[in-house]
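In this chain, residues are counted from 1 in sequence order. Both counts, for ligands and for their atoms, begin at 1 and track the order of listing.
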Amino acid sequence: MSDRKLFIDGKFCLGSGERFANINPATGAHLGFVEEAKAADVGRAVAAAKAALSGPWGRMPQAERLALLGAAAQGICDRFDDFLEAEVADTGKPLSWARKVDIPRGAANLQLFADITRNIANESYITDTPDGGKAINYAMRQPLGVVGVICPWNLPLLLMTWKVGPALAAGNTVVVKPSEETPSTATLLAEVMNDIGMPPGVYNVVHGFGPGSAGQALVQHKDVAAITFTGESSTGIAIMKDAAPTLKPLSFELGGKNPAIIFADADFDDAVAGTLRSSFSNCGQVCLCSERVYVERPIFERFVAAMKEGAEKLRYGAPMDEGTEMGPLISAQHRDKVLSYYQLARDEGANVVCGGGVPQLDDELSGGSWVEPTIITGLGDEARCVREEIFGPICHISPFDSEEEVIGRANDTEYGLCAAVWTGDLKRGHRMAAALDCGLVWLNSWFLRDLRTPFGGTGASGIGREGGIHSVNFYSELKNVCVKL
Ligand code: NAD
């Protein structure tokens with residue numbers, strides 16, 4: 001049992017007096033209690049973060065600041081197994097996935113943004129002046145101040161450091177609000193921050209929920225200069241309303257209903273393997289997962305059969321077992337939501353190709369939030385299961401006949417996060433990339449990321465771009481300085 005405390009001004013502390021349970025979703029076991037922060041605790045964290053801006057952190061040379069971020073990245077690597085165990089216990093995701101994705105990327109995010117920030121050049125111009133002389137204009141980057149970082153549960157350490165890395169590299173201080181479902185790795189990172197000598201107040205963690213709790217208090221706080229948020233689109237709307245009175249910049253990475261499009265000329269086996277990954281990885285709980293799969297008619301039946309065979313082979317099991325490929329959903333509540341969509345699919349007239357229920361698992365795992373990977377076909381484009389983000393291991397596969405048709409159907413959504421296109425014709429691939437309304441298109445691949453590239457969505461999938469220089473731009477204030485020569 002590990003209780004998770006708040007981390008404010010370099011110290012672990014209690015919060016509002018209320019606490020909530022941390023549950024292992026693979027077993028339903030109680031992992032420990034989490035201190036809940038309310039407005040007063042968030043106020044203490046923001047005050048500490050604000051004070052740190054004018055303390056040693058604010059005066060620190062850039063090289064030293066970036067070296068501290070590198071040390072934090074190394075600190076995660078040094079305690080790799082602790083982070084791995086905590087992430088797997090909180091999320092139920094298979095060890096094999098967390099070891100390859102969550103924890104290494106958590107460390108890489110901190111190192112990468114230290115490197116990027118070190119190598120940024122700012123713009124400058126020599127300007128002709130009305131008196132026939134010259135002036136130099138140059139841009140200067142300054143921190144925004146205290147940044148509020150609000151995170152989801154699906155990739156807890158990875159998505160948190162994706163924001164904390166560039167925010168700290170730019171000289172800000174942060175107050176992190178991890179998801180109530182996954183409080184542990186943000187808390188472990190606090191231990192690392194103390195171990196490496198990060199000045200108190202630079203990195204703070206407040207646990208709790210959204211409305212009426214830590215999340216809302218952070219958004220509404222007048223001394224929080226910006227909010228960076230990853231989560232559901234509806235939460236983004238609530239945050240935008242709460243942030244309006246204090247006019248904060250917002251960076252939003254939100255939901256998706258992403259298409260995978262498979263042309264008949266694609267490498268069949270690659271497309272099947274890629275679509276199995278893009279539909280079922282992390283139990284379908286990656287914002288980039290494909291929930292709408294469009295397959296060119298000549299290969300439709302064969303593709304559906306191959307997907308069924310692949311989905312039925314996915315191995316569930318204890319997350320810490322090496323052979324496990326499929327974990328549970330994050331919580332009983334989320335399982336109920338996903339199962340309600342499995343039922344809705346039937347009610348809407350879908351053909352359930354495989355899955356659609358709850359798997360039978362042995363004693364220890366029987367209390368977990370398990371569902372079967374599910375493939376459905378036969379729904380029209382207006383069906384709710386084809387339009388709404390389910391965020392579970394389910395995809396709808398439907399046939400298409402022409403490029404033009406599939407572009408129209410893929411774009412017929414309020415979301416616009418990503419798309420995966422599988423084709424042997426690269427010219428067509430580039431045409432498709434230009435025609436799809438979304439922030440990121442994968443050709444013949446999925447979830448292959450270069451962290452220097454722009455990442456974000458259009459429409460209900462987000463506002464702004466993070467990644468590389470785009471993150472640096474969000475987390476810094478650009479000031480123009482004009483010098484008359
Ligand atoms: P969520 O929106 O329910 O919660 C995310 C965070 O917001 C949590 O920490 C929660 O406590 C907090 N929160 C909730 N209401 C709030 C409020 N009113 N004010 C302030 N904070 C509030 O999302 P989730 O269920 O944790 O995550 C799943 C969602 O995240 C899916 O929709 C998924 O697509 C999306 N997601 C998007 C990306 C991306 O990069 N676009 C990445 C991962 C997940």
Side-chain angles (χ1 to χ4, degrees), residues 20 25 34 36-39 42 90-91 93 101-102 105 109 148-163 175-183 186 205-221 224 227-244 248 250-258 281-291 329-331 333-335 337-338 388-392 413-418 438-440 447 449 451 453-467 470-471:
F20 54 95
V34 186
E36 182 182 355
K38 298 271 194 179
V42 170
D90 277 7
T91 59
K93 63 179 67 192
V101 179
D102 295 69
R105 267 282 308 275
N109 285 336
V149 181
I150 303 181
C151 307
W153 44 257
N154 62 331
L155 298 158
L157 182 71
L158 186 160
L159 289 172
M160 187 261 286
T161 51
W162 174 244
K163 293 164 178 303
V175 178
V176 175
K177 210 302 273 170
S179 167
E180 53 274 35
E181 306 287 357
T182 52
V205 181
V206 289
H207 295 295
F209 305 86
S213 183
Q216 188 176 34
L218 191 57
V219 172
Q220 291 179 333
H221 202 293
V224 173
I227 291 287
T228 176
F229 166 72
T230 302
E232 286 183 19
S233 303
S234 56
T235 309
I237 293 170
I239 289 179
M240 194 176 234
K241 285 184 183 155
D242 279 336
K248 305 173 179 12
L250 303 169
S251 177
F252 280 175
E253 298 184 338
L254 308 177
K257 187 76 180 176
N258 310 301
S281 287
N282 209 35
C283 204
Q285 302 168 114
V286 181
C287 54
L288 306 163
C289 276
S290 320
E291 290 191 2
L329 292 168
I330 188 66
S331 62
Q333 191 190 3
H334 190 51
R335 182 196 53 198
K337 176 186 157 185
V338 171
E388 297 174 12
E389 183 186 50
I390 300 171
F391 218 55
T413 171
E414 61 179 311
Y415 293 109
L417 191 52
C418 72
C438 58
L440 171 54
F447 207 47
R449 293 277 298 121
L451 306 181
T453 58
F455 181 87
T458 63
S461 288
I463 295 178
R465 294 291 179 272
E466 296 197 13
H470 311 284
S471 295

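- Side chains of Y415 and L254 form no contact here, defined as non-hydrogen atoms less than 4.5 Å apart.
- Per-atom contact check: atom 30 (O) of ligand 1 touches the protein, criterion being a heavy-atom distance below 4.0 Å.
- The closest side-chain heavy-atom distance from V42 to K177 is not below 4.5 Å.
- Remark: minimum distance from atom 27 (O) of ligand 1 to any protein heavy atom is reached at P152 CB, 3.3 Å.
- Which parts of ligand 1 touch G215 is read off a 4.0 Å heavy-atom cut-off, strictly below it: atoms 19 (N), 20 (C), 21 (N).
- By the 3.5 Å distance cut-off applied to N or O atoms, E389 is counted among the residues near ligand 1.
- For atom 35 (C) of ligand 1, the candidate residues are C151, G231, S213, G439; the nearest heavy-atom contact is made by G231.
- The nearest pair of heavy atoms linking K248 to L218 is CE-O, 4.3 Å.
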Show your reasoning for whether side chain to side chain contact (heavy atoms under 4.5 Å, CB included) applies to T91 and D102.
-> CA-CA 11 Å; T91 59; D102 295 69; over 6 Å; no

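- Of all non-hydrogen atoms in A39 and A217, the two that sit nearest each other are CA-CB, 3.7 Å.
- Residue-ligand proximity, N154 to ligand 1, at heavy-atom distances under 4.0 Å covers atoms 43 (C), 44 (C).
- For F391, every heavy-atom contact with ligand 1 shorter than 4.0 Å involves the side chain, none the backbone.
- Considering only non-hydrogen protein atoms, atom 26 (O) of ligand 1 sits nearest to W153 CD1, 3.0 Å.
- Counting protein heavy atoms only, atom 12 (C) of ligand 1 is closest to I150 CG2, 3.7 Å.
- Residue P211 places a heavy atom less than 4.0 Å from ligand 1.
- For the pair T230/W162, no side-chain contact is recorded, criterion being any heavy-atom separation below 4.5 Å from C-beta on.
- Within the listing of ligand 1, atoms 19 (N), 20 (C) sit less than 4.0 angstrom from a heavy atom of Q216.
- Atoms of ligand 1 found under 4.0 Å from any heavy atom of F455 (numbered from 1 in listed order, with element): 40 (O).
- Of all atoms in ligand 1, listed by their number and element, those nearer than 4.0 Å to a heavy atom of P178 are 9 (O).
- Annotation for ligand 1: atoms under 4.0 Å from non-hydrogen atoms of K177 are 8 (C), 9 (O), 10 (C), 11 (O).
- Annotation: side chain of I463 is in contact with side chain of M240 (closest heavy-atom distance under 4.5 Å).
- Proximity of L159 to ligand 1, defined as any heavy-atom pair under 4.0 Å, is confined to the side chain (atoms from C-beta onward).
- One finds the CG atom of L288 at 6.5 Å from the CG atom of L440 (value rounded to the nearest 0.5 Å).
- The shortest contact between atom 37 (C) of ligand 1 and any protein heavy atom is with L254 O, 3.0 Å.
- Scanning the protein for heavy atoms near atom 22 (C) of ligand 1, the closest one is G210 CA, 3.4 Å.
- Distance from atom 36 (N) of ligand 1 to its nearest protein heavy atom, with residue and atom name: C287 CB, 3.5 Å.
- The only option from E414, E389, E291 that meets the side-chain hydrogen bond (donor to acceptor under 3.5 Å, both in side chains) definition with K257 turns out to be E291.
- For the 3.5 Å distance criterion, the side chains of T228 and E466 qualify, holding a donor opposite an acceptor.
- To the nearest 0.5 Å, atom CZ of residue F455 and atom CD of residue E253 are 5.5 Å apart.
- With a 4.5 Å cut-off on side-chain heavy atoms, I150 and V219 count as touching.
- Every N/O-N/O distance between L417 and ligand 1 stays at or above 3.5 Å.
- Residue T230 places no N or O, backbone or side chain, under 3.5 Å from any N or O of ligand 1.
- What sits closest to atom 23 (O) of ligand 1 on the protein, heavy atoms only, is E232 N, 3.4 Å.
- Using a 4.5 Å cut-off on side-chain heavy atoms (C-beta onward), I239 and F252 make contact.
- With hydrogens left out, the protein atom closest to atom 15 (N) of ligand 1 is T235 CG2, 3.2 Å, a heavy atom.
- Interface atoms of ligand 1 facing F229, defined by a heavy-atom separation under 4.0 Å, are 2 (O), 5 (C), 6 (C), 7 (O).
- Each of D90, T182, T161 was scored for a side-chain contact (heavy atoms from CB on, under 4.5 Å) with P156, with one residue passing: T182.
- Taking every non-hydrogen atom of E180 and a distance limit under 4.0 Å, the qualifying atoms of ligand 1 come out as 8 (C), 9 (O), 10 (C), 11 (O).
- The closest approach between any non-hydrogen atom of S179 and ligand 1 is below 4.0 Å.
- Atom OG of S281 sits about 12.0 Å away from atom CG of N154, to the nearest 0.5 Å.
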